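The structure under discussion appears below in the form of structure tokens.
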Amino acid sequence: MLSYLKIIRPVNLVIILLTQSLLRFCVMDTYFGLSLASSAFPVVDFILLVFSTMLIAAGGYVINDYFDQKIDQANKPEKVIAGTTISALNLKRYYIVLTVPGNIIGFYLAIKINYLLLGFIFPVVSIMLWYYSSYYQKKILSGNVMIATLSALVILVLWLFEFFALKNDPIRFVDVFSQLNHVHVIVLGYAVFAFFVSLIREISKDTEDMEGDREGGFKTLPIVYGKKTSKSVIIGFHVFTMLLLGYFQYLLYAHGLMMVFWYVTIAVQSLFLFVLYYVFTAETKKEYHFLSSAYKIIMLAGILSMQLFYISF
């Protein structure tokens, strides 16, 4: 049973739970409260949406380990569960048990707010995770971009359901209209942040796993163009993300959100600067593993800043 828990990456699922909960209760509810209104997406439905997102993400981790059995034996033999503790057949069954309910819940919520098209997000994501694991993770940047997009979608999907739930409730929509632009900008800012940090982390992981990936026939960025080029790309995206974050800080400062501004400056930008030094010096597998972990910490630090919107008001 412990193996079935480990393979779905519970820490990552908790981060998804934390991300969507902070966005809902500390950002959306805070801004809607300024107009003496509340969210149009009921708490019960929100819980179902989070559960659906976590189920599909968990299914993605399972199917990824299914396709990566041989590669993981080379990259991290001490951590391999797929094909050893859990058989290949049971991995497929586990994937179905996780993914199918996640899709059903997604369609149920979309129907409930009278916007069926939103329900198709969930099968599309499931298909993306399957093809990422079976094909695109082996290609230059395409797999990295897919995972980065899905990371951003964790944030965007909640706002999409909230927005269309509001459109389905015209009176409430009018009540919160003056706050919608603020929420749009904040959600987009966090989604872009999640995209680029995930993208950088995925390239770092590819550089860390070059040895096993090469044996598996992968054609990732570091394998095709070398570790030096991979490092240059990481540095480029890293600096670009810092600049984008700087613009976001400017917006925070301009709107008087000083608590969030100082938190992002001290807890996120300073981490970016610290990690940038290690990007320049990284050479070994162990050092790139450190970078991968560091980017996850940066992601978590950025997500935690959401709580300060509530405190600020």
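Note that the coordinates shown come from a computational prediction; the quantities given were computed from them, not determined experimentally. Residues take their numbers from the sequence shown, with the count starting at 1.
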*Distance-only, no hydrogens or angles: does the Arg9 side chain make a donor-acceptor pair with backbone N or O of Ile7 under 3.5 Å?*
yes
*Go through the structure and list residues passing side chain to side chain contact (heavy atoms under 4.5 Å, CB included) with Ile113, not counting sequence neighbours.*
Phe41, Tyr115, Leu118, Phe161, Phe164, Ala165
*asked:* Using modelled atom types and a 3.5 Å cut-off, is there a donor and acceptor pairing between side-chain atoms of Glu287 and backbone atoms of Thr284?
replied: yes
*Name all residues meeting the side chain to side chain contact (heavy atoms under 4.5 Å, CB included) criterion together with Asp29; count only those two or more places apart in sequence or in a different chain, and write none if there are none.*
Arg24, Phe25, Ser39
*Please list, chain by chain and in numerical order, all residues satisfying side chain to side chain contact (heavy atoms under 4.5 Å, CB included) with Ile140, sequence neighbours excluded.*
Leu221, Val224, Tyr225
*For residues 272-282, pull every pair meeting side chain to side chain donor-acceptor pair (under 3.5 Å), keeping only residues two or more places apart or in separate chains.*
none
*Under the 3.5 angstrom rule, does the side chain of Glu162 hit a backbone N or O of Leu158 as a donor-acceptor pair?*
no
*Taking C-beta and beyond as the side chain, do Tyr66 and Tyr94 meet within less than 4.5 Å on heavy atoms?*
no
*Going by side-chain heavy atoms closer than 4.5 Å, which hydrophobic residues are tied to Leu251, directly or by a chain of links?*
Val185, Tyr247, Tyr250
_Members besides Val44 in its Ile/Leu/Val/Met/Phe/Trp/Tyr cluster (side-chain heavy atoms under 4.5 Å)_ = none
*What side chain to side chain donor-acceptor pair (under 3.5 Å) pairs are there with at least one residue in residues 303-313, not counting sequence neighbours?*
Tyr190-Ser305
_Pairwise salt bridge (Lys or Arg N to Asp or Glu O under 4.0 Å) hits with a residue in residues 111-127, at least two apart_ = Asp45-Lys112
*Mind checking side chain to side chain contact (heavy atoms under 4.5 Å, CB included) for Gln249 and listing every partner two or more places apart, or none if nothing turns up?*
Leu245, Phe261, Val264, Thr265, Gln269
If you look only at distance, which donor and acceptor atoms sit under 3.5 Å apart when one is on a side chain in residues 141-157 and the other is two or more places apart or in another chain?
unit_1 : atom_1 : unit_2 : atom_2 : d
Ser142 : OG     : Tyr136 : O      : 3.4
Asn144 : ND2    : Asp206 : OD2    : 2.9
Thr149 : OG1    : Val145 : O      : 2.8
Ser151 : OG     : Ile147 : O      : 3.1
Ser151 : OG     : Ser198 : OG     : 2.9

*Without swapping roles, check the side chain of Lys285 against the backbone of Glu208 for a donor-acceptor pair under 3.5 Å.*
yes
Distance-only donor-acceptor hits, side chain of residues 50-62, under 3.5 Å, sequence neighbours excluded:
unit_1 : atom_1 : unit_2 : atom_2 : d
Ser52  : OG     : Gly102 : O      : 2.6
Thr53  : OG1    : Leu49  : O      : 2.8
Tyr61  : OH     : Asn12  : ND2    : 3.2

_Main-chain N/O of Glu283 paired with Lys227 side-chain donor or acceptor, under 3.5 Å_ = yes
*Any donor and acceptor pair, going by atom type alone, linking the side chain of Thr207 with main-chain N or O of Ile203 inside 3.5 Å?*
yes
_So, using side chain to side chain donor-acceptor pair (under 3.5 Å) as the criterion, who are the partners of Tyr295 when residues are at least two apart?_
His238
